[in-house]
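Reckoned from all heavy atoms, side chains included, excluding hydrogens, waters and symmetry mates. The chains referred to below are lettered A, B, ... by the order of the sequence lines, with proteins before strands, and numbering in each begins at 1. Given the structure is predicted, the values throughout are model-derived calculations rather than measurements.
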There are 2 protein chains.
Amino acid sequence: MSRQPTIKDVATKAEVSFKTVSRVLNREPHVRKEVRDRVLAAAAALDYRPNNAARGLTGGRSRLIGFLYDNPNYSYVTQGEAGALLRCREAGYHLVVEPIDSQADVARQIEQIISSLRLDGVILTPPISDAPAALATLDRLGVAHVRIAPSAAREAAPCVFIDDEAAAYALTRHLIELGHKAIGFVQGHPDHGASRQRQAGFERAMAQAGLAIPAQLIAQGYFTFESGMAAGEALLSQRERPTAVFAANDKMALGVLAAARRLGLSAPADLALAGFDDNRVSRLSSPQLTTAHQPVDVMCAAAADMLVALAGGETLDQPTLQLPFEIEVRASSAAPPRAPLSSPASAV
Amino acid sequence: MSRQPTIKDVATKAEVSFKTVSRVLNREPHVRKEVRDRVLAAAAALDYRPNNAARGLTGGRSRLIGFLYDNPNYSYVTQGEAGALLRCREAGYHLVVEPIDSQADVARQIEQIISSLRLDGVILTPPISDAPAALATLDRLGVAHVRIAPSAAREAAPCVFIDDEAAAYALTRHLIELGHKAIGFVQGHPDHGASRQRQAGFERAMAQAGLAIPAQLIAQGYFTFESGMAAGEALLSQRERPTAVFAANDKMALGVLAAARRLGLSAPADLALAGFDDNRVSRLSSPQLTTAHQPVDVMCAAAADMLVALAGGETLDQPTLQLPFEIEVRASSAAPPRAPLSSPASAV
DNA sequence: CTGAAAGCGCTAACAA
DNA sequence: TTGTTAGCGCTTTCAG
């Protein structure tokens with residue numbers, strides 16, 4: 001528990017000025033290899049680690065990245081955090097997690113966090129990635145930010161996303177190809193941009209297959225289990241119930257599954273089911289959920305990379321990054337009860 | 001995007017020395033109310049926020065708390081983080097999340113994090129809360145730490161926990177009272193202390209009810225869905241299969257549920273099921289899981305409180321804090337197929 | 001290629 | 001009750 005070694009201790013041991021140590025540690029050029037090695041050896045011997053606060057105070061770089069999220073989005077959080085964390089650590093950065101209440105004064109919350117911590121950058125997860133107040137504040141403060149899965153203004157600032165529309169389209173195609181014709185859709189939260197895109201993909205696939213979408217096949221949801229259950233109940237208790245349901249996220253799909261169960265229907269025998277996101281939970285259900293895998297961890301890792309690069313003064317060669325999704329076909333989707341296999345449809 | 005105001009700007013505006021501003025901001029005594037008000041007004045007018053790095057550099061307090069976890073424990077993470085975050089923010093602290101690889105050099109990882117960030121304290125979630133290397137390192141570094149749900153040496157250092165044994169006992173009683181006699185148990189990860197305690201509670205309840213626990217009613221699990229599924233398969237494919245299964249955590253219980261389903265058994269009709277933790281997932285399954293609620297968010301909030309107090313030089317009046325659990329009876333547990341209701345058993 | 005000086009924004013002594 | 005002086009550990013000037 002003796003005092004932590006400082007840069008001066010290293011300098012003394014390596015018999016150089018402490019500025020030289022600083023140079024070596026920051027990988028600046030113009031240091032003789034011999035000197036560099038001596039410094040490195042001294043630092044290792046003393047088990048020296050730079051004081052992040054001191055570095056930040058003078059250098060303008062705090063080496064701190066903020067991970068901003070709003071409470072409802074738990075599933076995103078863990079995976080995204082893990083991905084971002086990985087890259088942060090590799091780059092010598094640390095991740096500060098900050099929940100934001102979208103309903104309250106977003107600008108104020110962000111100012112608070114940024115200015116006391118002097119964050120080098122922030123990762124914005126939905127729905128904050130679409131909050132104009134958040135973006136405006138960050139711009140005004142001049143703080144780098146990367147949005148995860150924003151639904152609008154993709155060119156305006158760095159962001160990482162997948163093609164939600166295409167993924168929803170592909171997933172719907174999958175259901176159609178299984179032979180389903182009456183496919184229900186549970187909409188996502190109206191405030192999330194992804195909701196619109198996913199519905200658009202669903203509608204495109206249906207239209208392309210010449211399938212109608214009567215109003216009673218669409219149910220409003222809010223990305224929660226409960227809302228999915230309510231929607232499922234509405235959808236499945238109709239006389240002409242759909243043989244398949246596509247919910248705009250996994251949690252809602254599980255809600256539909258619960259509703260089906262309550263109505264005595266079992267998946268996939270009586271009802272094919274598809275979700276979206278490939279949440280951890282989608283593998284824990286019985287049957288496991290067919291879904292579109294959104295690589296949240298990779299997306300956030302990429303975002304962290306971008307922020308680190310930006311903080312280092314680099315320019316992003318690819319500020320908007322579209323990552324591939326994947327359709328995970330699992331046990332929850334099967335052909336409808338007595339349906340003929342549909343003829344192979346044309347591809348995208 | 002103009003320069004952030006500093007303490008000196010506030011001092012100038014309030015027409016006092018900048019030390020006085022510092023006093024006001026730190027709520028130090030010996031400042032005339034009139035002066036204090038003037039300073040506060042100036043700070044508000046300038047929208048001043050102290051630079052955390054500068055404060056930490058000189059004051060010895062970084063106002064940063066670390067949240068340490070190991071990857072497997074995702075369910076803990078989100079809830080615990082949220083709880084801790086809440087209190088941190090109230091106290092003007094920030095939470096830095098740091099994953100630790102229990103398999104690698106724990107001491108080194110912790111040293112790394114602590115010494116570069118000068119954390120004021122850390123919250124340790126299982127299984128790190130039981131890692132001797134972690135505890136020893138933190139002690140050596142003199143860094144305050146609060147352990148969440150440690151299984152040993154509770155008196156040695158601050159910690160927050162529930163009585164796992166009693167909770168497992170109560171849950172087992174619940175199954176017994178439903179009329180189950182052949183109750184299977186899926187063990188947790190052997191490296192987690194909670195595994196032992198939960199099994200002990202199970203065994204005590206069974207013994208007290210005069211029920212035998214033949215070896216084939218115990219299956220090894222590792223706190224994962226897959227291990228639960230394997231254990232469930234082993235347990236349920238026997239000739240004399242149990243009518244109820246108690247898994248040492250929720251994820252494994254869901255695994256057992258999947259295995260049951262595969263074997264054509266449905267819960268709770270053919271099989272009563274209980275988990276542990278009350279993970280978010282336990283409500284998303286069909287049927288919803290009967291489980292013991294471990295208030296991870298409250299536990300971590302309490303831990304954050306303790307660390308803030310410690311950092312402020314206070315002494316903990318209650319360094320070891322036991323919080324109450326709750327048994328959540330949900331749809332997954334019901335009486336066995338053709339069982340007579342057992343006679344009410346004596347209480348704890 | 002290396003070093004000396006200055007100062008980041010703040011708190012901790014001490015003095016007034 | 002208030003102000004002055006150092007100095008935290010580091011990076012950024014600017015000299016050599």
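- For D:dT2, neither phosphate oxygen OP1 nor OP2 lies less than 4.0 angstrom from any side-chain nitrogen or oxygen of B:S17.
- Look at CZ on A:R23: it is 11 Å from P on C:dC1, rounded to the nearest Å.
- In terms of position along DNA chain D, the nucleotide closest to B:K33 lies nearer the 5' end than the nucleotide closest to the other residue of the pair B:L57 and B:K33.
- Judged by distance alone with a 3.5 Å cut-off, no donor-acceptor contact links the side chain of B:K19 to the base of C:dA13.
- Taking atom CG of residue B:L25 and atom P of nucleotide C:dC10, one finds them 8 Å apart after rounding to whole Å.
- Ion pairing between a basic and an acidic side chain is recognised when a charged N comes within 4.0 Å of a carboxylate O; B:D37 and B:K33 show such pairing.
- Scanning atom types as modelled, no donor and acceptor separated by under 3.5 angstrom connect the side chain of A:R49 and the base of D:dG9.
- What separates CG of A:N52 from P of D:dC8 is a distance of 18 Å, to the nearest Å.
- Across D:dC10, D:dG3, C:dC10, the shortest atom-to-atom separation from the side chain of B:R55 is found for C:dC10.
- Side-chain proximity of A:F18 to the nucleotides C:dG9, C:dT2, D:dC10 is greatest for D:dC10.
- One finds no side-chain N or O of A:T20 lying less than 4.0 angstrom from the OP1 or OP2 phosphate oxygen of C:dT2.
- With hydrogens and angles ignored, the 3.5 Å screen pairs no side-chain donor or acceptor of A:S116 with any backbone N or O of B:P50.
- Remark: P of D:dT11 and CG of A:D120 are 13 Å apart, rounded to the nearest angstrom.
- In terms of phosphate contacts, B:R32 brings a side-chain nitrogen or oxygen within less than 4.0 Å of OP1 or OP2 of D:dT2.
- Neither OP1 nor OP2 of C:dC8 sits under 4.0 Å from any side-chain N or O of B:N51.
- Checking A:T58 against B:E15, the closest nucleotide of DNA chain D that is more toward the 5' end is the one next to B:E15.
- Per the geometry, NZ belonging to A:K8 stands 9 Å off P belonging to D:dC10, to the nearest Å.
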Problem set entry | Test log, rule side chain to side chain contact (heavy atoms under 4.5 Å, CB included), inputs A:V97 and B:L85 | CA-CA 8 Å; A:V97 198; B:L85 236 18; 4.2 Å; yes
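- Rounded to a whole Å, the CZ atom of B:R61 is 16 Å from the C1' atom of D:dC8.
- The main-chain N or O of B:P127 is never found under 3.5 Å from a side-chain atom of B:D130 such that the two would form a donor-acceptor pair.
- Rounded to whole angstrom, the span from the CD atom of A:E28 across to the C1' atom of C:dC1 amounts to 12 Å.
- Distance from the side chain of A:H30 is smallest for C:dC1 among the nucleotides C:dC1, D:dC10, C:dT11.
- Rounded to a whole Å, the CD1 atom of A:I7 is 15 Å from the C1' atom of C:dA5.
- Under a cutoff of 6.0 Å and an axis angle of 45°, B:R147 and B:F161 do not form a cation-pi pair.
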